[in-house]
Amino acid sequence: MSIMIKYVHVYPGHLGLAAQLALVAELRGLLVAAPLFRSSIAGGKQMSVRMSSAGRFGWVSDPRGARYETRHPATGAPWPAIPDSVLAIWRAIAAPHLRDPARLPDSCLINWYDASARMGLHQDRDEGDFGWPVLSISLGDEALFRVGGTARSDRTESLWLRSGDVVLMAGAARLCFHGIDRIRPGSSNLLPRGGRINLTCRVVT
Ligand code: MD6
Ligand code: FE
């Protein structure tokens, strides 16, 4: 089952509670190997989310700009592999939108939101080919997701994303502006200390 908001596909509750808990346990291990760090946006201002990545490439942004790197900026180690459970979600939801149905993401960005974190309106455009979709998975507290058009000034619509929801931005939606206005602290007890995790899977090269 999916709904659409501004060309963006949303799959409410795609992941059941058991699958969400298993994924959180897997991420816990992954974040020991690749700890969360802070990135800054253009102008040098720190982002309020903390992030890490899995896969061949990880997204980093610092005063030199935003880019994909093959190694963790603090540890210097290659990023851990994308969990099979995440690849399974990609296969289930993104495959019909891929020109090569076997193509897997080569990056999975992990964003962690505390009660006050947000994500400004942005386009995902650091990848080499916008023909590939971007898929995101939400875990933990609810988040107010805002989606507009391909111009920053386009009218936007908003939707609360809940734990287990999956979002796919493909085709006409791939370059839509989007962001997270705020999260609703205490709205989920999936994460023992609260907060929200968002995973975004991308084909980078
Ligand atoms: C978030 N999501 O849900 C931020 N990007 O925390 C994104 O920035 C995003 O959900 C591309 C495609 C889907 C997304
Ligand atoms: Fe994004």
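Keep in mind that the numbers below use all heavy atoms, side chains included, and drop hydrogens, waters and symmetry copies. Counting starts at 1 for both ligands and their atoms, in listed order.
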Between [X] (side chain) and [Y] (backbone), is there a donor-acceptor pair under 3.5 Å?
X: Arg202; Y: Asp126; result: no
X: Ser138; Y: Leu161; result: no
X: Lys6; Y: Arg146; result: no
X: Trp79; Y: Glu69; result: yes
X: Glu127; Y: Val203; result: no

Checklist entry - Ignoring water, what protein N, O or S atoms are under 2.8 Å from the Fe ion (ligand 2)? => result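 N, O, S partners closer than 2.8 Å: His122 NE2, Asp124 OD1, His178 NE2.
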Checklist entry - In this structure, which one of Val166, Ile197, Asn198 forms a side-chain contact (heavy atoms from CB on, under 4.5 Å) with Ile137? => result Val166
Next on the checklist: Against Cys108, only a single residue in Leu135, Thr200, Leu199 fulfils side-chain contact (heavy atoms from CB on, under 4.5 Å); can you say which?
Outcome noted: Leu199
Checklist entry - What is the ring orientation for Phe145 with His178, classed by angle as parallel under 30°, tilted 30 to 60°, or perpendicular over 60°? => result tilted
Checklist entry - Which is closest to atom 3 (O) of ligand 1 by heavy-atom distance: Met119, Gln123, Arg196? => result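 The residue whose heavy atom sits nearest atom 3 (O) of ligand 1 is Arg196.
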Checklist entry - For atom 1 (C) of ligand 1, which of Phe177, Tyr113, Trp112 has the closest heavy atom? => result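 Minimum heavy-atom distance to atom 1 (C) of ligand 1 goes to Tyr113.
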[atom]: nearest protein contact (heavy atom, Å):
atom: atom 12 (C) of ligand 1; value: Met169 SD, 3.2 Å
atom: atom 2 (N) of ligand 1; value: Asn198 OD1, 3.7 Å
atom: atom 5 (N) of ligand 1; value: His178 NE2, 2.7 Å
atom: atom 10 (O) of ligand 1; value: Ser136 OG, 2.9 Å

Item to check | Salt bridge flag under 4.0 Å for residues Arg174 and Asp124 | outcome: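 Salt bridge flag = no for Asp124 with Arg174.
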Checklist entry - Is a salt bridge present between Asp129 and Arg99, judged by a nitrogen-to-oxygen distance below 4.0 Å? => result yes
Next on the checklist: Using a plain distance cutoff, I'd like to know if Thr200 has any nitrogen or oxygen under 3.5 Å from a nitrogen or oxygen of ligand 1.
Outcome noted: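 Checking ligand 1 against Thr200, no N or O pair falls under 3.5 Å apart.
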Next on the checklist: Any nitrogen or oxygen of Arg202 lying under 3.5 Å from a nitrogen or oxygen in ligand 1? Just yes or no.
Outcome noted: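 No, Arg202 has no N/O under 3.5 Å of an N/O on ligand 1.
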Checklist entry - For Val24 and Leu191, what are the C-alpha separation, side-chain angles and deciding distance, and is it a side chain to side chain contact (heavy atoms under 4.5 Å, CB included)? => result CA-CA 8 Å; Val24 169; Leu191 306 174; 3.8 Å; yes
Just jot down the ligand 1 atoms closer than 4.0 angstrom to any heavy atom of [X], in number order.
X: Asp124; value: 5 (N), 11 (C)
X: Val134; value: 11 (C), 12 (C)
X: His122; value: 8 (O)

Checklist entry - Heavy atom of Ile180 under 4.0 Å from ligand 1? => result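 True for this residue.
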Next on the checklist: For a 4.5 angstrom cut-off between non-hydrogen side-chain atoms, does Thr205 reach Phe57?
Outcome noted: yes
